[in-house]
Amino acid sequence: MISEYQRLDPRIQKWIYRQGWSDLRELQKKAIPPILACDRDVLISAATAAGKTEAFFLPACSAIANIQGGFGILYISPLKALINDQYRRLESLGDALEMPVTPWHGDIAQSKKLRAKKNPSGILLITPESLEAMLIRSSGWLKQAFAPLAYIVIDEFHAFIGSERGMQLLSLLNRIDHILGRVNNPVPRVALSATLGELEKVPLSLRPNQRLPCDIITDSQVHTTLKVQVKGYLEPRTSIGKDPLPSAESQICHDIFRLCRGDSHLVFANSRKRTESIAATLSDLSEANIVPNEFFPHHGSLSRDLRETLEQRLQKGNLPTTAICTMTLELGIDIGKVNSVIQVTPPHSVASLRQRMGRSGRRDSPAALRMLIAEHELTPTSGIVDQLRLQLVQSMAMIRLLIDSKWFEPADTRQIHYSTLFHQILAIVAQWGGVRADQLWSQLCMDGPFQKVGSNNFKILLRHMGERQFLTQLSSGELVLGVEGERLVNKYTFYAVFSTPEEFRIVAGNKTLGSIPVDSPLLPEQHIIFGGRRWKVTDIDSDKKVIYVEATKGGQPPLFGGEGMSIHDVVRQEMLAIYREGDYKITVGEHKVDFADTSAISLFEEGLHYFNSNNLSSEFFIQQGQHVYILLWLGDQILNTLSALLLNSGFKTGSFAGVIEVEQTTVDEVKRVLAKILRAGLPSEFHLAESVPEKFLEKYDEDLPDVLLTEGYGLRAFDVEGVTRWLGKHL
DNA sequence: GACCTGCTGCGGCCTG
């Protein structure tokens, strides 16, 4: 029997030998037969640096080695930087096979693109947006250039699933099969990722119509050692007249300085503002200690130049370097491995934490994670969020889920994304010049990624697009671009399907406090926290993009960031489990492993004491002075729903860090009203969404018919069934 | 006050 290795092209075998590899990894061997077969989709899910890229490219290049007259492999990446990295990695393999590798994105010179256009061959590395432009601008050329296409491979596939970009990508892939006349014999798709939850459901996200079978290949050897620690910090209360104690951030910076100097680390700080302030403090500390600075910020608002300099410094590894970063260093940009990962304030998801962990762990040392968590010093007026030490317990819950349960959030595939459907209708019409409505329906909905859209709603959308002159119907029945459609498609910003979130100015009286992107439901009367203070929304002006607020009374504002948003049900349930057990430790064999330092332990005990003395194990509604607090221990979609129900019943309410506050009322009153709502039957998501004045979230939301906008918004923000279940259990 | 991603074609000017 011949080995997998021997099935590869002899020139590739020689290339492997020249790399000095003694053998292929298990994952790479396993991938050879299904990739060479070229008759099915393949999902390759394995840890960072496990050799996923080679697992695909070695057999795939083997299979297309002798293809002429067009591209054999289409590689799609969510990031330009990743395309540049992969280009560097694939060049020598390409040379060995005399197979060109062409990077193609917005920063690639026109001359290079023109050269590839004249002689398309080998491997094309591209972004979804550039592919969209190609389909719209040169579909005739594409039909020729992609004629021998054998594989479409998608890198960092988890970054696409369930998102607007993911829907666009699936539609693009369908459009390629269509243009090549391969609807019934589609081009095999290969997805690469390190962070795929509920793996068995992923093939449906790779090919919704399931026309090809999908093999799933995973890395069986997953015995990574991981060192974890949670460190607690106390944010001192502001005292007047005395020398202020160092702030929690200052204490944290001193520890980062001590822990990181001399090696390479990543510090995830969750927000640009905190990233900048920590990086600045660390640079000051270096100066004060007369040592060279090795701490630099990295986030999306920094220039590409600054970011790349830092990435190269990390990758070269000859100078100790610590990046203080946001999620920009989460995906697979080539920066090598770092000694440890530090997380300041809890991450927003376990999936994200897992991805970040993958950055740590060099050959000689195990992966290491530290979480540095600050909580406010308690005062007589401290709120429930502080008293419970929710930040700390959330961090502990996430660590337990990551290590103990090996759980992380699966992608949310419930959204419809009407905005992206609108975009793809325009894109397909622009690509073909004119199409019939039934062709759009079958390509996008029946056979494509928008399977959740019913024919009635599709008709509503098309009719609306006609009325608003995005589309025009010819006497033949064919749909072509209307005046407004032309206007959108001809803007070069058309190719991207996501928008940079619109910013709303927050105005109190005649003073602008700043601006925030509106990506969570905001209602008049709702309480928000901004600039460390509590505000009540008095009015929202969607046209001027202004939110008017006025100061509202209350105790000290609770300590939490935006991480309170979009927390998953499972995380909050794990938090409740920790309080109920009175223990956060992880069981390994017969031992309990403690990962908290003394300060974190004492903070945890404070939170636990509050939990137990208020009997929160069985009480979900509690009275504090004149306010009622509701603890659901569930995710934010359910929280939003209950919050909206209470607002619609005339209560003044807001929610912070998973806790709903209802002002000036009693537990009995709240329960009475909720019981009445439950008896009458809850309103639908659609009905709740109708009461939200600002519903524009995605790029073309403002061009949608109201009924579809409201439906999409309701599905995204609310979960009526979840609340019904919760109320049934706890009233 | 979570975070992140991406983009054409053409005319005009400059430099080697």
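Proteins come first, then strands; the chains are lettered A, B, ... in the order of their sequence lines, and each starts at number 1. Being a predicted model, the structure only gives us computed values, none of them experimental.
- Atom CD1 of Ile567(A) and atom C1' of dA2(B) are 10 Å apart (whole Å).
- In this structure, Ile278(A) atom CD1 and dA2(B) atom C1' are separated by 14 Å, rounded to whole Å.
- In this structure, Arg356(A) is positioned above the aromatic face of Phe268(A), its NZ or CZ under 6.0 Å from the six-membered ring centre and within 45° of the axis.
- OP1 or OP2 of dT5(B) lies within a sub-4.0 Å distance of a side-chain N or O belonging to Arg307(A).
- Taking the centre of each ring, Phe408(A) and His568(A) stay at or above the 6.0 Å mark.
- Under the rule for a salt bridge (Lys or Arg N to Asp or Glu O under 4.0 Å), the partners of Glu308(A) that lie at least two apart in sequence or sit in another chain are Arg304(A).
- Under a 3.5 Å cut-off, the side chain of Glu574(A) and the backbone N or O of Leu401(A) do not form any donor-acceptor pair.
- Screening Val338(A), Leu369(A), Ile342(A), Leu266(A) for a side chain to side chain contact (heavy atoms under 4.5 Å, CB included) involving Ser360(A) leaves a single residue, Val338(A).
- Between the C1' atom of dG6(B) and the CD atom of Gln168(A) lies a distance of 9 Å, rounded to the nearest Å.
- Rounding to whole angstrom units, CD of residue Glu311(A) and C1' of dC4(B) are separated by 13 Å.
- Proximity of Glu129(A) to Gln168(A): side-chain heavy atoms (C-beta onward) are separated by under 4.5 Å at one or more points.
- Whole-Å rounding puts the Lys699(A) NZ to dT5(B) P distance at 16 Å.
- Using a 4.5 Å heavy-atom threshold, the side chains of Leu82(A) and Leu331(A) count as separate.
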Tabulate protein N/O versus nucleotide N/O from nucleotides 14-16 of chain B, keeping only pairs under 3.5 Å, one per line.
none

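- Rounded to a whole Å, the CZ atom of Arg356(A) is 15 Å from the P atom of dA2(B).
- Between the CG atom of Leu331(A) and the C1' atom of dT5(B) there is a distance of 9 Å, rounded to whole Å.
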Just by protein heavy atoms under 4.0 Å, how would nucleotides 7-13 of chain B read 5' to 3' in B, S and -? BBS----
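- Straight-line distance from the CG atom of Asn270(A) to the C1' atom of dC4(B): 13 Å, rounded to whole Å.
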ring-ring contact (aromatic ring centres under 6.0 Å, His included) evaluation trace for His417(A) with Phe450(A): CA-CA 8 Å; His417(A) 298 295; Phe450(A) 298 95; 8.0 Å; no
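- Shown are Ile126(A), Ile123(A), Thr102(A); of these, the side chain to side chain contact (heavy atoms under 4.5 Å, CB included) with Phe71(A) is made only by Thr102(A).
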